[in-house]
Amino acid sequence: MGKCCKCNRRLLCMCLLPCMMTGHLLIYIMVSIFVTISYTPPKITIHYIAPGFSANSSALASHPIGPFWNLRLEDGALWNQLQHVWDRQHNPILRGNTTGVIRKPRAKLLTEIEDECLSDCRSHKCSVPRMHDLNSLPEQMRAFIRSMHCREYPLLINQPGMCRRNNGSFGLEAPMLLMAIKSQVGNFENRQAIRETWGRSGLVKGESNRKGELVYTVFLLGRQDSSTGPHPDLKNLLDLENQKYGDILQWDFRDTFFNLTLKDLLFWHWLQQYCPTAIFVFKGDDDVFVRTGALLDYLHKQWDEHNLWRAYTNETGMDLFVGDVINNAMPNREPSTKYYIPERFYKGIYPPYAGGGGVVYSGSLALRLKEVSERVRLFPIDDVYLGMCLHKLGLSPHHHPGFLTFDLPETDKGNPCAYRSVLLVHRRSPKEMLMLWRQLQNLPGPMKVARNVPFLQRFP
Ligand SMILES: *[C@@H]1O[C@H](CO)[C@@H](O)[C@H](O)[C@H]1NC(C)=O
Ligand SMILES: *[C@@H]1O[C@H](CO)[C@@H](O)[C@H](O)[C@H]1NC(C)=O
Ligand SMILES: *[C@@H]1O[C@H](CO)[C@@H](O)[C@H](O)[C@H]1NC(C)=O
Ligand SMILES: *[C@@H]1O[C@H](CO)[C@@H](O)[C@H](O)[C@H]1NC(C)=O
Ligand SMILES: *[C@@H]1O[C@H](CO)[C@@H](O)[C@H](O)[C@H]1NC(C)=O
């Protein structure tokens with residue numbers, strides 16, 4: 001009896017224990033399933049394709065939002081192909097890591113050599129993009145393709161102290177407006193006319209604003225001497241000019257039409273290093289006329305509005321880019337023209353861009369453009385390149401009717417009153433600049449040009 005009882009108990013134990021364990025396991029599984037089903041993951045608010053964002057560069061859009069430039073590789077347009085490779089390299093979804101985006105690509109891609117070239121393009125180990133039938137293209141296109149991997153050129157003439165030198169005498173630190181004017185070595189007359197009229201450095205009064213604003217002017221030059229073509233040697237004259245005015249920036253590259261993009265790029269580098277506090281930047285050509293006072297009034301208004309806005313949002317970056325905006329432009333396919341872009345080089349329409357002689361953008365946007373330009377292949381037409389960089393940031397330029405790329409009607413050109421609503425007009429000779437400047441000084445009454453809502457429209 002006792003033995004059997006013991007036997008029973010052991011049987012019971014052997015039976016019951018596994019049953020209980022299985023039961024527990026079942027309960028555990030059911031609870032787990034229940035928890036998994038009822039769990040909702042936290043909402044992730046990362047925008048890979050940025051609709052607009054703060055000034056933080058790590059939040060930049062990393063992939064074009066719309067295919068302005070055709071992204072299909074098989075199309076065979078050189079720029080599109082090269083851009084495509086970069087877009088893939090910098091795409092955080094494909095790369096799976098958004099930090100260090102501009103660093104070395106993880107996969108060994110055909111352009112790795114070129115990436116080295118970006119920082120070391122003078123070492124001649126760089127591969128020039130290959131393109132069949134290169135020799136059938138016009139000379140300037142060929143020259144561009146041969147050097148388009150290279151975007152670092154040393155400064156020959158620098159102004160390292162420009163934005164620091166006057167913090168005592170003016171009692172202001174940051175220039176309200178930095179005017180960066182693309183010029184060429186030989187254009188002494190244009191530069192001097194600009195210095196004497198609309199491009200004066202120092203405290204400049206607005207037209208309705210009594211208080212002066214700090215304005216600096218620099219001229220952006222490449223090289224034009226016997227080593228870059230049949231040019232007379234003007235180096236000594238240029239040095240003299242720079243000694244007197246201290247407003248020349250010159251880089252060591254051939255100053256040609258298709259190299260103008262380099263001036264934007266290198267100017268942004270310079271700005272970041274030597275004048276990052278500039279509030280606004282005007283970038284223009286040396287054959288335009290600007291009503292600087294009216295422009296300052298306009299910018300002042302934008303700045304006040306921005307500060308008001310900032311007080312509520314803590315948003316420090318300001319996105320302003322205004323000019324004469326051109327939408328849906330097609331590349332010029334006429335081989336005899338200056339703007340000719342062959343279909344083998346670029347396919348697609350151009351993103352919205354501001355053309356014609358001059359644009360104004362905020363200093364903080366300039367720094368972001370510099371950053372994003374490292375992911376946009378050089379394009380031979382500078383205005384279009386700016387449009388591409390803006391597009392890459394998810395922004396589009398704002399149109400302002402005061403920027404007259406195509407001048408006033410012929411009958412109004414000589415009439416000072418016709419300039420009331422003008423901020424910039426293209427084109428004026430040095431002599432015309434001086435005359436117009438004098439006429440406009442005597443123009444009676446305050447001129448109203450300010451318009452609202454200049455902040456960049458963001459993509460939806
Ligand atoms: C900007 O990004 C950096 C890292 O990329 C981060 O440390 C910093 O907090 C960010 N700033 C803002 C304002 O989001
Ligand atoms: C992303 O890249 C950075 C630097 O390249 C690295 O430190 C980090 O660990 C990476 N993160 C992931 C999730 O791979
Ligand atoms: C100019 O700025 C520098 C650096 O910010 C500062 O050390 C110096 O005291 C300033 N000079 C004057 C005269 O305010
Ligand atoms: C641009 O400048 C570089 C450096 O001087 C030169 O090699 C290249 O040919 C120039 N490009 C054009 C299109 O002139
Ligand atoms: C703005 O910044 C201040 C100080 O840094 C902080 O106290 C405040 O909460 C911020 N406001 C917003 C709306 O982020």
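Atoms within each ligand, like the ligands themselves, are counted from 1 in listed order. Side chains included, hydrogens not; waters and symmetry mates left out as well; all remaining heavy atoms used.
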- Item | Nitrogen or oxygen atoms of Q140 and ligand 4 under 3.5 Å apart | no
- Message: Out of all atoms in ligand 4, which are within 4.0 Å of some heavy atom of F258? Include the element for each.
- Response: 13 (C)
- Would you check if the distance from the ring center of Y153 to the ring center of W251 is below 6.0 Å? no
- Got Y361 and V359 here, is their nearest side-chain heavy-atom distance under 4.5 Å? yes
- Apply side chain to side chain donor-acceptor pair (under 3.5 Å) to W437 and list each qualifying residue two or more places apart in sequence or on a separate chain. none
- Which residue pairs pass the salt bridge (charged side-chain N to carboxylate O under 4.0 Å, His left out) test when at least one of the two sits in residues 226-235, sequence neighbours left out? K235-D239
- Message: Using every non-hydrogen atom in the two residues, find where Y385 and R151 come nearest and quote the distance to one decimal.
- Response: OH-NH1, 3.6 Å
- Query: Counting each atom of ligand 4 from 1 as listed, which ones have a heavy atom of T256 under 4.0 Å away?
  - Reply: 12 (C), 13 (C), 14 (O)
- Could a heavy atom of Y153 be found less than 4.0 Å from some atom of ligand 4? yes
- What atoms of ligand 4 come within less than 4.0 Å of a heavy atom belonging to F253? 2 (O), 4 (C), 5 (O)
- Test of proximity, N259 against ligand 4: N or O pairs below 3.5 Å: yes
